[in-house]
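Before I ask anything, let me first share the structure, which is written out below as structure tokens.
As the structure lists them, so they are numbered: ligands from 1, and atoms in each ligand from 1. Only heavy atoms go into these numbers, but all of them, side chains included; no hydrogens, no water, no symmetry mates.
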Amino acid sequence: MIGKLACKLGSRMAAVTYSIIQVRRFLHDAHFRVQSSVQEALASGKPIVALESAIITHGMPYPQNLSMARNVEEIVRTHGSVPATVGILNGNIHIGLNDEELHFLAKSENLVKVSRRDLPYVLSQGSSGGTTVSGTMIAAHKAGIHVFVTGGIGGVHRGGEITMDVSTDLTELGRTPVAVVSAGVKSILDIGRTLEFLETQGVCVAAFGESREFPAFFCRQSGFQAPYQVQNEEEAAKLIASILALGLSSGVLIAVPCPKEQTASGQIFEDAIQQALKEARSKGIIGKELTPFVLQRVNELTSGKSLDSNIALVQNNARVGSRIAVALGKLKK
Ligand code: PSU
Ligand code: MN
């Protein structure tokens, strides 16, 4: 009995020591700046939720972007986890941003939208920018953070079978073991092909809650089923724990439908999307500029309705994501 207990304590100690060594090693990496609250949470095994910043720099206008960023961090705290907003400042990857840093990202113009491809260049030039889903996943994984909350991920653009405009968020989900909590993908994208591509990448996709339907951001329905469904935060946490236990290098996508009261009339958005995509084509907007352009135009064309829904969605995801991180923490104990 005592032998067993000693053995258990011994292996627990070894695990804790190992994780502290890992955190220390990481903290000394050049180009990484980990906020003290996040350092403390990592060392003591508190639940942490990573948050992206391209949504601040490229996804929403000032000052709504700043109030959204502050508010989402607060929601994460209220539901039991430590928030870690990821962003790039002067060539350093920050994991956890203070209010002044959030303000800088929210207000500055011409910052870089930083995905996997952009990271080495931005770091080498000492520039600043907002990290997308892929950029944030890389940073979260390096820090040992397993849960990441955002609004919507990138996907296969409409017409992507010709243009090959497929977001690197999808390949990142295939190669980095982080759970991304999002409201599915926006209907500015080709949802069917996005799900096909996620399957090819080996990404485990689960709809969260009472339905297996894969949500389409503002709309709870997309016409597509997710391959799996998790009923609640505990089931989501078990799914994440399984992928970590297996040592798979791929991630998980937890798709949370937007709250019922926030669902928008699909047709208003569909019309705005069609119009925005037409304008993008005629202006020749492609590559990384396309998503921010469409988001901004859809917001203008819906007189700000899409922004309101967007904010409500991220807040809802933050609530769910924070609880998932707490449930995951309990499983690890
Ligand atoms: N979808 C949204 N809002 C966003 C984005 C996507 O509804 O802010 C941002 C995210 O940062 C996402 C990125 O990772 O756009 C994808 O860009 P692209 O399509 O260029 O890969
Ligand atoms: Mn693209």
May I ask you to decide if Thr150's main-chain N or O and Asn317's side chain share a donor-acceptor pair within less than 3.5 Å? yes
Testing Thr136, Leu51, Ile145 one by one against Val86 for a side chain to side chain contact (heavy atoms under 4.5 Å, CB included), which residue passes? Thr136
For Glu73, is there an ion pair with Arg77 - N to carboxylate O distance below 4.0 angstrom? yes
Any sub-3.5 Å donor-acceptor pair from Ser322's side-chain atoms to Arg319's backbone N or O? no
Show all protein N/O/S atoms under 2.8 Å from the Mn ion (ligand 2), or state that there are none.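 Under 2.8 Å from the Mn ion (ligand 2) - ignoring waters, which are not counted - the protein N, O or S atoms are Asp165 OD1.
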Test item: Gln231 side-chain N/O and Glu210 main-chain N/O as donor-acceptor pair under 3.5 Å: no
Could you tell me whether the side chain of Thr57 and the main chain of Leu105 form a donor-acceptor pair under 3.5 Å? no
Could you go through ligand 1 and note, for every N or O atom, any protein N or O atom closer than 3.5 angstrom, writing the atom names and distance to 0.1 Å, or 'none'?
from: ligand 1; atom 1: 7 (O); to: Lys186; atom 2: NZ; distance (Å): 2.5
from: ligand 1; atom 1: 11 (O); to: Glu52; atom 2: OE1; distance (Å): 2.7
from: ligand 1; atom 1: 11 (O); to: Glu52; atom 2: OE2; distance (Å): 3.3
from: ligand 1; atom 1: 14 (O); to: Val133; atom 2: N; distance (Å): 2.9
from: ligand 1; atom 1: 14 (O); to: Asp169; atom 2: OD1; distance (Å): 3.3
from: ligand 1; atom 1: 14 (O); to: Asp169; atom 2: OD2; distance (Å): 2.7
from: ligand 1; atom 1: 17 (O); to: Lys113; atom 2: NZ; distance (Å): 3.1
from: ligand 1; atom 1: 19 (O); to: Thr291; atom 2: OG1; distance (Å): 2.7
from: ligand 1; atom 1: 20 (O); to: Lys113; atom 2: NZ; distance (Å): 2.7
from: ligand 1; atom 1: 21 (O); to: Ser167; atom 2: OG; distance (Å): 2.7

Can you confirm whether the side chains of Thr168 and Glu172 place a donor and an acceptor under 3.5 Å from each other?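 No donor-acceptor contact under 3.5 Å links the two side chains.
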Could you pull out the closest heavy-atom pair between Gly151 and Ile55, with the gap in Å?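 Closest approach of Gly151 to Ile55, heavy atoms only: N-CD1, 4.3 Å.
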Consider only side-chain N and O atoms of Gln201 and Ser250, and report whether a donor and an acceptor are under 3.5 Å apart. no
